[in-house]
Amino acid sequence: MYLSKEEERILDGEMGEWRRKAMQILVTLGDVFGAERLIPIRSAHISGVSYKTLGDEPIRFLEDLSELGARTAVDSTLNPCGFDLQRPDEMGTPDYVREPQMRIVRTYESMGIDPALTCTPYYIRKRILGEHLAWAESSAIVYSNSVLGCRTNREGAPSSLASALVGKTPLYGFHLDENRLPQVHVKVNVGQLERHQFGALGLLVGKLVADAVPLISGLENPSLDDLKAAGAGMAASGMVTMFHAEGVTPEYKMGLPWKEGRPTDLVEVDERSLKKQVDDLSSAEEPDLAFFGCPHCSVKEIQEVAKLVAGRRVAKGKKLWVCTSRAILDAPRVSTYVSEIEAAGGRVFADTCVVVTWLREMGVETVVTNSAKAATYIPSFCDTGVRLASTAEAVRSVTEAI
Ligand code: F3S
């Protein structure tokens, strides 16, 4: 890979050991994928934050990097951690996870990374069509490429951190026009879908296309939240990095997918296959926790839950949790919806999501959720039962009329 004089000096360690380490990661990645050179990025989003998924080993590595003086070169944000930093007691977070989790967050923060602790960094700062990013967190990657028209590869924790520190990423994959063209046409013959069905559709598409770029036709009036749910599903079951939706997503509208014509490879999704996908994730009965916010809720999604709890309250022995970011909590009108949900006995948490919390230790045995991604991960990550349901059904199953 071609390196500028300055990049070579960084790689030679002339500009600090921490920069050398970060540059080494990027150069290795670029060489593996045949990148021509490095390009500047506008933002990095870093995974590897939750103590549950990270463990103890990497904490020392991060602290060493921080002690060497590592500082970010671009706007950078963090993925969710294991509990709401302001309300760990209310979540029932075990004591033994608090100190190591705080060490991780504080260490990243010492490097200048915004402890946004969310998987929806696109709600924090407006992104611009065509800008280059280095984002980890699969759902955010799919959303930024597909719905926002930004450009990022599927980064992991080390490469997203390295990009944050250098301010660059290797030029390959989804940074290039030719890799963003659709390869498989997915025809959806189902009609109007609810949010949980969009997520299930995403899971199906991910299984059908693996790591190809799908062009999806037949979606009826999908909202941004629906596309977010579908993209999260695709990335959870497959290795999808971006999709096009006919008449909806920006690069489809700009005509990019049509440069090479519509893909001839066609797969179809019908009502039966979608129902089976939902049913496969809906076996558990008697949920004790209803969870909304995978990916983290938008203002509209919090409002939807607030409307559904009106005239109801969370039943004895049950919980209702909504997860979002602090940036969304600070948005106008959100405090009203939060008050309505919490007055009904629910809780609106920031900084975390149930997948990276310690559900069993918190006494939860079965979760009902409107998120197909969460329903896919919860049984293995949290060792609890799960049920995928519509938002309304999930609210009803843990609440009772007043
Ligand atoms: Fe976000 Fe947690 Fe889902 S990090 S995408 S809410 S698994």
Side-chain angles (χ1 to χ4, degrees), residues 16-23 25 41 43-125 133-137 140 155-167 293 295-296 321 323-330 347-359 361-362 381:
E17 176 59 9
W18 60 273
R19 279 202 185 88
R20 189 197 65 74
K21 285 182 187 226
M23 184 59 92
I25 292 172
I41 52 162
S43 151
H45 181 70
I46 295 147
S47 61
V49 182
S50 136
Y51 176 57
K52 186 173 172 183
T53 50
L54 198 66
D56 289 305
E57 241 353 79
I59 301 180
R60 198 54 243 164
F61 168 80
L62 291 171
E63 288 176 338
D64 286 347
L65 210 53
S66 169
E67 279 159 23
L68 286 169
R71 294 293 175 272
T72 53
V74 286
D75 171 39
S76 310
T77 42
L78 284 186
N79 225 26
C81 71
F83 51 86
D84 184 317
L85 298 190
Q86 294 179 9
R87 305 167 90 181
D89 292 338
E90 284 181 59
M91 295 194 85
T93 307
D95 284 342
Y96 65 89
V97 306
R98 299 187 191 197
E99 191 267 342
Q101 181 63 85
M102 288 312 296
R103 267 173 72 196
I104 296 168
V105 174
R106 296 294 168 241
T107 305
Y108 278 123
E109 206 177 0
S110 73
M111 296 187 227
I113 302 167
D114 176 358
L117 301 171
T118 181
C119 47
T120 55
Y122 39 85
Y123 293 150
I124 298 176
R125 275 174 277 288
L133 316 171
W135 280 12
E137 170 47 45
E155 304 293 349
S159 64
S160 58
L161 178 58
S163 284
L165 299 179
V166 174
H296 273 174
W321 288 359
C323 288
T324 188
S325 62
R326 289 213 180 271
I328 290 289
L329 283 182
D330 289 342
R347 287 290 171 269
V348 181
F349 292 120
D351 311 326
T352 191
C353 80
V354 305
V355 175
V356 294
T357 53
W358 283 259
L359 279 189
E361 289 84 338
M362 294 169 181
F381 274 65

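Hydrogens, waters and symmetry mates play no part in the numbers below; they use all other heavy atoms, side chains included.
Under the rule for a side-chain hydrogen bond (donor to acceptor under 3.5 Å, both in side chains), T352 has no partner lying at least two apart in sequence or in another chain. For F61, the side-chain contact (heavy atoms from CB on, under 4.5 Å) criterion is met by L65, not counting sequence neighbours.
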>> Under the criterion side chain to side chain contact (heavy atoms under 4.5 Å, CB included), I'd like the reasoning laid out for I59 against Y51: C-alpha separation, chi angles, the key distance, then a yes or no.
In response: CA-CA 9 Å; I59 301 180; Y51 176 57; 4.2 Å; yes

> Would F83 and M102 satisfy side chain to side chain contact (heavy atoms under 4.5 Å, CB included), going step by step from the backbone distance to the final call?
Replying inline: CA-CA 10 Å; F83 51 86; M102 288 312 296; 4.1 Å; yes

>> Pair W321, M91 - check side chain to side chain contact (heavy atoms under 4.5 Å, CB included), show working.
In response: CA-CA 9 Å; W321 288 359; M91 295 194 85; 3.8 Å; yes

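S50 places a side-chain N or O within donor-acceptor distance of the main-chain N or O of T53, the cut-off being under 3.5 Å. Distance alone, capped at 3.5 Å, is enough to place a donor-acceptor pair between the K52 side chain and the F381 backbone. Using a distance-only test at 3.5 Å, with no hydrogens or angles considered, a donor-acceptor pair links the side chain of D84 to the main chain of A350. Between the side chain of S76 and the backbone N or O of T72, no donor-acceptor pair lies under 3.5 Å.
Side-chain N/O atoms of W135 and S43 include a donor and acceptor closer than 3.5 Å. Y96 and Q101 are not linked by any side-chain donor-acceptor pair at a separation below 3.5 angstrom, with hydrogens and angles left out of the test. Counting only N and O atoms by type, the side chains of T107 and S110 include no donor and acceptor under 3.5 Å apart.
The minimum heavy-atom distance between S163 and V74, with the atom names listed, is O-CG2, 4.3 Å. Across V166 and A22, no two heavy atoms sit closer than the pair CG2-CB, 3.7 Å. When all heavy atoms of H296 and L117 are compared, the closest pair comes out as CE1-O, 3.5 Å. Looking at every heavy atom in both residues, L54 comes nearest to L62 through CD2-CD1, 4.2 Å. Pairing each heavy atom of P295 with each of C119, the nearest pair is CA-SG, 3.9 Å.
Interatomic distance, L133 CG to S160 OG, rounded to the nearest 0.5 Å: 12.0 Å. Taken from CE in M23 to CG in L165, the straight-line distance is 11.0 Å, to the nearest 0.5 Å. To the nearest 0.5 angstrom, L78 atom CG is 10.5 Å from T118 atom OG1. Distance check, rounded to the nearest 0.5 Å: CH2 of W18 to CD of E67 gives 15.0 Å. Taking CD1 of I46 as the start and CE of M111 as the end, the distance is 8.0 Å to the nearest 0.5 Å. One finds the OG1 atom of T120 at 8.0 Å from the NE2 atom of H45 (value rounded to the nearest 0.5 Å).
One finds no salt bridge joining K21 and D64 here, because no Lys/Arg side-chain nitrogen approaches an Asp/Glu carboxylate oxygen to under 4.0 Å. With salt bridges taken as basic N to acidic carboxylate O contacts below 4.0 Å, one links R125 and D114. The pair R98-D89 meets the salt-bridge criterion, since a charged nitrogen lies less than 4.0 angstrom from a carboxylate oxygen.
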